[in-house]
Amino acid sequence: MDKEKLLLLDGNSLTYRSFFALNVNNFTSHEGIPTNAIYGLKRVLDSIVKDLKPTKMLAAFDASDRTFRTELYSDYKGNRSKTPDELSAQFPYVHEMLKLMGITSYELQDYEADDIIGTLAKKANEQGIEVVIVTGDRDLTQLINDHTTVYITQKGFSNYETYNPDHLKEKLGITPKQVIDMKALTGDTSDNYPGVQGVGEKTALKLLGQYPNIEELYQHLGDLKPSKMKENLIRDQKQAFQSKELATIRTDAPIQISIEDTEIKPSNIEGLNSFFEKLDMKSLIIKTSNDENLKEKDVPAYQVLSLENISALKELKEPLIYFETFNSNYHEAEIKAMIIAERGKIFVTKDFSLLTSEILAGFEHIWTFDGKKTFILANRHQLSLPKISYDLMIASYVDDSGHSNESLATTIDDYFDEFILSDETVYGKGVKISLPENDQILYDHLAKKAEGYFLSKDIVDAHLKMHEQVELLKQIELPLSMVLAKMELEGIKLNKSELKRMGKEFDSNIHELKSKIFAEVGQEFNLNSPQQLADILFNVMKLPPSKKTKRGYSTSVEVLEELRPHSQVVDWILDYRQLSKLKSTYVDGLQKFDFGNGIIHTRFLQTMTSTGRLSSVDPNLQNIPARGMGKIIRKAFTARQNDWQLFSSDYSQIELRVLAHISGDPHMIKAFEDDRDIHQATAEKIYHLEPGAEITPDMRRVAKATNFGIVYGISDYGLAKNIGVTRKEAAAFINTYFEEYPLVKVFMDNSVKFAREEGYVETLSHRRRYLPDIHAKNFNLRHFAERTAMNTPIQGSAADIIKIAMVSIQNYLADQNLKSRMILQVHDELTFEVAPGEEEIIGSIVPKLMDSAIKLKVPLKVESHFGETWYDVH
DNA sequence: GATGTCACG
DNA sequence: ACGTACGTGACATCC
């Protein structure tokens with residue numbers, strides 16, 4: 001049997017928190033019963049039980065506002081405003097729900113929920129039972145020990161901060177018992193007791209670093225130098241001791257309940273379902289296997305396609321064609337089901353073989369959701385599609401680049417809440433994903449998808465028209481999707497023997513480094529584990545740590561670079577890291593995508609990024625090493641026939657050119673018109689040098705970092721960290737930069753202002769990114785949104801430009817019947833396989849079409865190279 | 001599934 | 001005082 005685990009919930013704290021986290025207006029039953037706290041608590045409970053798998057459980061509540069603490073100190077919690085009626089009304093339901101779930105709840109006159117928890121935790125510990133306490137209240141951390149953990153709820157319903165003695169020590173540097181002394185000194189504003197005036201968390205922690213508790217502190221008060229703080233401590237001594245008593249959670253409350261009573265009982269599913277039904281919390285209704293819950297609501301009329309009714313497809317002129325797959329990688333996926341539909345004429349089937357070339361030839365155009373996927377799946381089955389005139393996935397992305405377009409169902413969900421069941425509900429997930437046993441459930445779901453498609457399209461189209469985005473969809477993104485389809489199908493040749501050879505070499509180096517490191521350190525450990533490595537570096541070797549992560553000390557490159565002078569082991573670790581990255585991600589990783597002929601086919605995701613860039617997956621061919629020793633990996637990428645070559649063209653400084661254009665800054669424009677090295681030109685400006693003056697490599701480095709910083713939505717903090725100067729110095733660079741490029745400053749300010757007023761920013765091609773966080777109260781979120789407002793128009797416009805170039809290049813290749821083909825895009829670079837005899841035309845037309853993709857106030861510059869491998873074209 | 005790390009533009 | 005540079009994806013570890 002599993003080990004016993006008792007979960008103690010602070011029912012009051014969790015219910016309050018749920019109430020304030022969810023807007024009650026959105027959670028009220030048709031009878032007018034507020035349900036936000038009930039709903040939130042259920043979500044929290046489900047997630048806790050799933051994560052912690054307790055065997056016993058108890059939810060503790062406050063019996064009333066009056067407790068032994070109010071007897072002790074009449075103002076205790078005296079500043080609390082009255083519990084809102086909407087919340088009070090929910091407590092009876094909360095208790096009912098807990099009972100139905102088989103969870104014991106308990107309250108005790110004169111005591112708070114905390115005291116019940118403290119008492120039970122102690123009892124359980126005495127019986128050797130592990131205890132987990134879940135609450136929103138940090139005070140409970142005084143109860144932790146080696147067998148008791150406290151989970152403090154964070155944002156959302158399933159995030160917790162886990163407190164055990166180590167974590168507490170690390171975070172605050174104190175023991176669980178000292179939590180009480182800290183409250184004694186600082187007081188508690190929400191519980192309304194004072195502590196010592198002028199002592200906050202910082203001071204309290206400092207004092208508790210010197211004395212184990214306040215008793216000791218007051219005994220040795222004479223040792224303290226005279227100060228305001230000392231006066232406060234003396235004056236408020238009585239308050240401090242009283243606060244300590246108030247803050248102490250009782251572990252001896254006279255509870256009438258035993259550990260045995262907390263055993264989790266089987267939940268009453270029928271009872272729960274009718275409870276949720278009554279409160280209109282339909283989404284919580286528990287699904288049983290052969291069930292009503294898989295029923296789509298308001299399914300439109302449809303027909304199941306078969307040989308009998310297939311001729312009905314002849315009436316369709318411009319239908320939606322949709323293939324359902326479980327595997328998102330359509331280069332391998334099987335088609336599980338299919339929709340062919342126009343408004344009011346919906347056909348669905350599991351039998352993909354019903355689709356023939358003859359049928360497809362009867363359609364003038366088709367609509368799709370992910371036309372690239374549809375095209376490639378059809379291609380794999382020797383079918384060619386009619387021209388795609390509309391794609392909802394892409395249109396929805398153009399409407400709002402933040403939309404989740406991972407499936408048709410989620411896109412529909414972006415426009416219509418609770419219109420359609422999720423794919424996960426219908427098909428399941430993970431290893432158990434499958435078509436529902438009952439065909440009707442599948443067909444209903446597909447019919448809903450078809451209907452949802454048409455309804456969503458109407459909304460999207462209205463938006464695109466209103467926002468002047470039709471051209472972006474029709475002239476850029478839609479044609480681009482077919483360009484990408486061809487690139488993906490083409491693939492790129494991998495020289496496997498070369499890759500294997502490199503793998504062997506890496507391996508022997510890895511082994512050698514490993515033994516050297518272990519020998520030097522004096523023990524073996526898992527070098528790939530940041531945690532174990534941190535233990536070796538900072539505990540065993542006593543090197544000075546500099547950066548922290550959630551789990552401990554960081555061992556990232558920047559930390560290790562600082563440590564290099566201390567020990568040669570650090571050098572070896574850095575080398576080991578680099579080599580094992582190359583081996584696992586590139587040498588081994590890439591070979592997994594070779595299915596025999598040495599050609600690998602990535603997928604370019606066209607609706608993934610919020611800026612408009614593409615991304616690449618399975619494998620990612622946009623992050624193949626380009627610098628350092630790793631770039632030899634590129635020698636494994638070649639043309640597929642001996643007499644063909646690779647050719648690559650990349651935009652030089654496209655983002656800064658875009659910035660010069662959008663801002664209209666005359667000095668930056670002049671620098672590009674004169675074809676200056678932009679970083680040199682910037683160095684001259686920020687260091688106030690004569691044009692053309694000699695600059696040091698360091699000046700150029702700083703200027704380059706500042707240029708990058710500007711593009712990313714500069715902050716003095718970020719720039720300082722990057723170039724290793726003080727924040728002040730970084731701020732001075734930025735200031736000078738803005739003086740020298742004044743319109744860049746205007747652009748930055750205007751972008752943020754625009755985002756605040758309009759709620760979004762846009763690129764040259766009217767691609768939008770909405771930035772709701774621009775109004776956030778949270779400093780981080782708001783500032784992040786502000787940097788995004790500055791960066792997205794730049795990064796996104798550069799993405800627009802290369803997309804335009806790609807479409808015109810592909811059109812040219814097709815028009816001229818050239819054999820050469822475009823195979824890769826890496827944000828500012830295009831790579832081609834060039835057929836013998838086409839070198840000249842490709843070498844001139846590609847840079848020309850890239851140059852002229854768009855007319856800016858500055859020239860675009862393109863650099864190009866031929867070579868045998870990807871390594872050679874740079 | 002989240003986290004840390006590191007590869008790219 | 002707060003505490004980050006913008007945009008991605010893959011791998012290994014750990015919970």
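These numbers come from a predicted model, not from an experiment. Convention: sequence-line order gives letters A, B, ...; per-chain numbering from 1. Keep in mind that the numbers below use all heavy atoms, side chains included, and drop hydrogens, waters and symmetry copies.
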Quick one: is [N] close enough that its OP1 or OP2 comes under 4.0 Å of any side-chain N or O from [X]?
X: A:Arg627; N: B:dC8; value: yes
X: A:Lys581; N: B:dA7; value: no
X: A:Thr549; N: B:dG4; value: yes

(message) Whether A:Lys635 engages the ring of A:Tyr871 as a cation-pi pair (distance to the six-membered ring centre under 6.0 angstrom, angle to the ring normal within 45°) should be assessed.
(response)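 Because its charged atom sits under 6.0 Å from the ring centre and within 45° of the axis, A:Lys635 does stack over A:Tyr871.
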Distance under 6.0 Å and angle within 45° of ring axis: A:Arg769 vs A:Tyr760 | no
Query raised in the report: Whole Å only: how far is the CZ atom of A:Arg634 from the C1' atom of B:dG9?
Result: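 My rounded result for the distance is 10 Å.
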**Message:** Nearest whole Å is fine: how far is B:dG4 P from A:Lys548 NZ?
**Reply:**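 The distance from NZ of A:Lys548 to P of B:dG4 comes to 13 Å, rounded to the nearest Å.
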Answer for the Watson-Crick or wobble partner of C:dA1, both distances under 3.5 Å, is none
Assign each of A:Lys202 and A:Phe784 to its nearest nucleotide of DNA chain C by heavy atoms, then name whichever residue's nucleotide is nearer the 5' end.
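It is A:Lys202 whose nearest nucleotide is closer to the 5' end.
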Electrostatic pair A:Lys803:A:Asp800 at N-O distance under 4.0 angstrom: no
Per the atom types in the model, does the base of B:dG4 pair as donor or acceptor with the side chain of A:Arg551 at under 3.5 Å?
-> no
Nucleotide range of DNA chain C contacted by chain A, 5' to 3', under 4.0 Å to a heavy atom?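 Counting from the 5' end, contacts occupy C:dC2 to C:dC15.
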